[in-house]
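First up is the structure itself, then whatever we jot down about it.
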Amino acid sequence: MKKGIAVSPGVAVGTAYCIHEIFVNPDTKRLEDREITAELAQYEYARDKTTEDLHALQKKVEAQVGHEQAAIFAVHETILRDSPFTKKVRDWIVTERMTAQAALHRLMAEYTQLFSRTKDEYLRDRLNDIRDVVVRISAHLSDVLKPETHALPGPLIVVADELLPSHVVALGDADVHGIVTQAGSQTSHAAIIARSRGIPAVSGVVGVLRQVKTGDTIIVDGREGHVIVNPDVETKSAYHKLEREFFHLKDQLAENHDRPAVTADGVAIQLLANINGVADAHTAERMGATGVGLFRTEYMYLAHPDVPDEEEQLDVYRRVVDAWPGRDVVIRTLDIGGDKTMVYLGRNVREANPFMGWRSIRLSFEHPEFFNTQVRAILRAADYARRKGSRVRILFPMITTLEELRRLRAIMRKACRQLTEQKKPFADVPMGMMLEVPAAALTMRSMLAACDYVSVGSNDLVQYLMAADRDNPKVSHLCQPLAPAVLQVLADVIRACNEANKPITVCGEMAGQPRTFVLLLGMGLRSFSMSPAFIPTIKDLAAHISVAQAERLAQRAMELTTLAKVKRYVDEQLRAIAPNLSVLDIA
Ligand code: PEP
Ligand code: MG
């Protein structure tokens, strides 16, 4: 049994499907004489295709982001044209009878060795560029990301180093029941994707790709963070039973889809969904969400082959609106940087502290044209939504100061003026700030005057308050939403918004976790946005607790002085309120 971090609850038993980066598993096949010419031709074909890709990328990024940002693709083209690069690959195919994939693997290994001795950051960044180029050629050479998943028996458990947006796209509608990753944490891509699809997942399982091969039987326990490879018959049948219980409970809870979200004493609450794209919007609707509380648009950019232009974005936003007639849709502008990077937005900018650096709204401010495109697309989507009886709201991430809010108002006004001049229909939208930075929490009362609503990004707020990186397992004991300091800040912020009559939602992971949900309810919060998979559970939990009960619970929890005491107390209370939660809750 291997231990990792439980990131998405539930239990699944299935067949492992391993996604190896191309460099992990080189092809050892030796070519026959008659195969050599065809292999060379394939390599040339892949190289030409890569050149075409890079040309197209450069043009599009130049038009939409800027000349400077597009320059990286010119660098990649230079690498591709570099004569030793191709000469080596061709030589190895001919003289050593290697496949093109294996030759690329060897080339990458040589460069890695050469560069590993250098302390020069510039050169190390060049290694990343070479890797990007090799990956592109390799993708044209093979179907590495288009697995023959149908050839494997039963439901699949995807095993990868980190699940990338491109993997998710490539897996399409394969029957994935579980996810295991070597890297990652509670808030990494894989975790967010797994939770939004209701798939049990475990992250941070060190070395698992070396111990599992495609076709192995594998168990994922997303409550405890356990992964079991090739279990014995008894273990397998015990977990099959748990899996059935998990499905049964999920089905049972999903039946409350049409029931209104109300507490035991009849107080209405909003259970909104965090989504990453159109598919999630449909899932969320099925799960009984009351709207979209957070559309993380970065996945739209990350999964796009180059840059989504205004029309393409508008199309995505419209489709999200269509999934949800008559509801609110909150669209968050690009939140990139920190753990998520894109090659044309300064991936190679090295920062000692990326989470405290040039990320999110700070990065958007420095790419005004690029940012403006998204603001315009959202304003235009708002007009579409209005005609469909829905409402779009805009949300800006990682706000730190009042000046930033004022600047954003000005940007929105300018976009409205432009659209008026161009006679493009649009609608004005409420402007929200994400509360993720302690400085903004401390000055909440003055900031409220400058925005229309608040959405608490507790994943970030907790990491900044506790000075503990949300993706670093070494400090995960500190990065805890139940920490007394976090509870105090949240209670204060909720009070400030309620007093000022400004709507407030919590959209970080804590909104969908039973322990923190009851505390937030007790602090006066009425709007929660979470991964769609959690909505049925939370709706069920809400129906079992009254507001007065939650208030008492929150009050008592806030008198406790350590995280351990808070956890123990809330757990005891929850067990009494809703004993069936343990199958679904994360340990
Ligand atoms: C958060 O920080 O809580 C949040 C919802 O945003 P993200 O997880 O995308 O940073
Ligand atoms: Mg955040």
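Numbering of ligands and ligand atoms starts at 1, following listing order. For the numbers below, each heavy atom of this structure counts, side chains included, while hydrogens, waters and symmetry mates do not.
- Thr505 and Ser455 are not linked by any side-chain donor-acceptor pair at a separation below 3.5 angstrom, with hydrogens and angles left out of the test.
- In this structure, Asp383 does not pair ionically with Arg380, as no charged nitrogen and carboxylate oxygen lie closer than 4.0 Å.
- Near Asp460, with a cut-off below 4.0 Å to any heavy atom, the atoms of ligand 1 are 1 (C), 2 (O), 3 (O), 10 (O).
- Glu285 and Arg327 are not joined by a salt bridge, as no carboxylate oxygen comes within less than 4.0 angstrom of a charged side-chain nitrogen.
- With respect to Glu312 and Lys60, a salt bridge is recorded, a charged nitrogen being found less than 4.0 Å from a carboxylate O.
- Between Phe528 and Phe517, the angle of the ring planes lies from 30° to 60°, which puts this pair in the tilted group.
- In summary, Glu311 and Arg318 do not engage in a salt bridge, as defined by a charged side-chain N under 4.0 Å from a carboxylate O.
- Not one N or O of Glu509 is nearer than 3.5 Å to an N or O of ligand 1, by distance alone.
- Of all protein atoms, those that are N, O or S and lie under 2.8 Å from the Mg ion (ligand 2) total 2.
- If you number the atoms of ligand 1 from 1 as listed, the ones under 4.0 Å from a heavy atom of Arg296 come out as 4 (C), 5 (C), 6 (O), 7 (P), 8 (O), 9 (O).
- A salt bridge links Arg556 to Glu559: one of the charged nitrogens lies within less than 4.0 Å of a carboxylate oxygen.
- Residue Glu436 places at least one N or O, backbone or side chain, under 3.5 Å from an N or O of ligand 1.
- Using a 4.0 Å cut-off between charged nitrogen and carboxylate oxygen, Arg259 and Asp540 do not count as a salt-bridge pair.
- The atoms of ligand 1 that sit less than 4.0 Å from any heavy atom of Met434 are 4 (C), 5 (C), 6 (O).
- Atom numbering of ligand 1 starts at 1 in the shown order; those under 4.0 Å from a heavy atom of Leu294 are 5 (C).
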Stepwise side-chain contact (heavy atoms from CB on, under 4.5 Å) test for Asp335 and Arg359: CA-CA 7 Å; Asp335 185 2; Arg359 62 170 289 213; 3.3 Å; yes
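- Residues that satisfy the ring-ring contact (aromatic ring centres under 6.0 Å, His included) test with His177, not counting sequence neighbours, are Phe247.
- Only the side chain of Arg332 comes within 4.0 Å of ligand 1, judged by heavy-atom distances.
- Of all atoms in ligand 1, listed by their number and element, those nearer than 4.0 Å to a heavy atom of Arg470 are 2 (O), 7 (P), 8 (O), 10 (O).
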